[in-house]
Amino acid sequence: MKILFCTDTFASGGKERMLMELMKGLAKKQEIEFELLVLSDAIHFNEIYELGIRVHKIVRKTKKDFSVFKKVYDICRKYQPDMVHCWDSMSAVYLVPVLKVLKIKLINCMVQDAPAKTGFSNKNWVRGRLTFPFSDIIIGNCEAGLSAYNVPRKKSLCIPNGFDFRRVENLNGHSNLRKSLAIQTKFVVAMVATFSSFKDYATFFAAAQLVLDSRKDVTFLALGKNTDSNEAKSFIQPHYQDCFRLLGTRTDVEAIINIIDVGVLATFTEGISNSIMEYMALGKPVVATVGGGTSEILLDTITGYLAKPRDAQDMADKINTLLNNDQLRFTMGAAGKARVYEDFTIEKMVEGFMNSYKMIA
């Protein structure tokens, strides 16, 4: 079975991480052959080159570069895959006319979130309306996302993200990492997410400072692309600057999560969050904004707490509840780790996709 994977970028984001993990899992399947097409030169997962597969790059000159259609056509015609698996809405738009001409099946995996607002102001929703009719299967990582995008039920399939526990083997020791980050407080609380319009860092930073108003034994971390930007820094009051570590993009995400006491995710829209899954896999209790697919992985009061959207006080209260109770943090963390082991392993994710390929082969 020959598959061509296609993605707009292969940068250091959560959905790109899942694509990398999927391809690593499929590389062990003798019945699968695949190549990767990236519609840019942004490839941050160098692990891809260790798989020994061919990686095609098409760098767009403009946002609406129509020459891409011809280049995609040439690659598909030469490789002749049994199906093309796209990982985002932009690549789906470029693929649909090409695959219809070549009569190649399309697996559309653009549903990676669960937007509260849909309609013509949401470019992903619009691209879904354009590409869903021509997709053989439309896969989302949560039921909330499939519902939000109004995916036709006869074509929809939910395959949650998976975690590879080999990623947390042989992590750096707590003391060395804490020392390198100049952390001297008893507790560490972190939010792992790109600083962007899709993540509610304003609420996270506000909640953190509410916590710091009543205690000085916590260091807060922000980890992800642009979290070290001047805009991110502007959310923190000058007298609390020393209580934060704005780390930007890091390659040792798992090691950093391993030293924290509470994992936080404040967001506006979410599918199955990789950050939440990573917190839980490492046995950390979670405080996350309710909405989207979050409640499909985080069990409120069991593996952590769901906080009200844009409510810094509610988030701060729940963080404090966990910091004030060692047994509660341990119990919730253990429950979260067990849940990931049971329902969100990389093996389950890979098998889910394998079954989808067999459905249309």
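For the single chain, residues carry numbers from 1 onward in sequence order.
Residue pairs meeting the salt bridge (charged side-chain N to carboxylate O under 4.0 Å, His left out) criterion with at least one partner in residues 81-109, sequence neighbours excluded, are absent. Evaluation of the salt bridge (charged side-chain N to carboxylate O under 4.0 Å, His left out) test over residues 285-299, restricted to residues two or more places apart or in two chains, returns none.
No more than 12 heavy atoms of other residues, nucleotides or ligands lie within 6.0 Å of CZ in Phe198, so this atom counts as exposed by the packing criterion. Lys179 NZ: 12 or fewer foreign heavy atoms inside a 6.0 Å radius. Around CD of Glu31, the count of heavy atoms belonging to other residues, nucleotides or ligands within 6.0 Å exceeds 12. Heavy atoms of other residues, nucleotides or ligands lying less than 6.0 angstrom from CG of Asn324 number more than 12.
Side-chain contact annotation: Thr219 with Thr185, donor-acceptor N/O pair under 3.5 Å present. Inspection of the Arg17 and Asn161 side chains reveals no N or O donor paired with an N or O acceptor under 3.5 Å. Counting only N and O atoms by type, the side chains of Glu143 and Ser147 include no donor and acceptor under 3.5 Å apart. Looking only at atom types and distance, the side chain of Asn124 has a donor-acceptor partner in the side chain of Ser89 under 3.5 Å away.
Residues satisfying the ring-ring contact (aromatic ring centres under 6.0 Å, His included) criterion with Phe132, sequence neighbours excluded, are absent altogether.
Side-chain contact check for Leu322 versus Tyr305: some heavy-atom pair is nearer than 4.5 Å. For the pair Arg215/Leu323, a side-chain contact is recorded, criterion being any heavy-atom separation below 4.5 Å from C-beta on.
Under the 4.0 Å criterion applied to side-chain N and carboxylate O atoms, Lys24 and Glu21 are assigned as salt-bridge partners. Ionic pairing of Lys29 and Glu351 is present here: one or more N-O contacts between side-chain nitrogen and carboxylate oxygen are shorter than 4.0 angstrom.
Contact between Leu146 and Val111 at its shortest, heavy atoms only, is N-CG1, 3.8 Å.
Remark: aromatic rings of Phe163 and Phe344 are distant, center separation not under 6.0 Å.
Taken together through direct or relayed side-chain contacts under 4.5 Å among Ile, Leu, Val, Met, Phe, Trp and Tyr, Phe353 and Leu51 form part of one hydrophobic cluster.
Annotation: cation-pi geometry satisfied between Arg129 and Trp125 (NZ/CZ under 6.0 angstrom from ring centroid, within 45° of ring axis).
Taken to the nearest 0.5 Å, the CD1 atom of Ile107 stands 11.0 Å off from the CG atom of Leu99.
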Inset, instruction - Show the numbers, then the answer: is there a side chain to side chain donor-acceptor pair (under 3.5 Å) between Glu254 and Asn258? - result: CA-CA 6 Å; Glu254 295 88 354; Asn258 200 36; over 6 Å; no

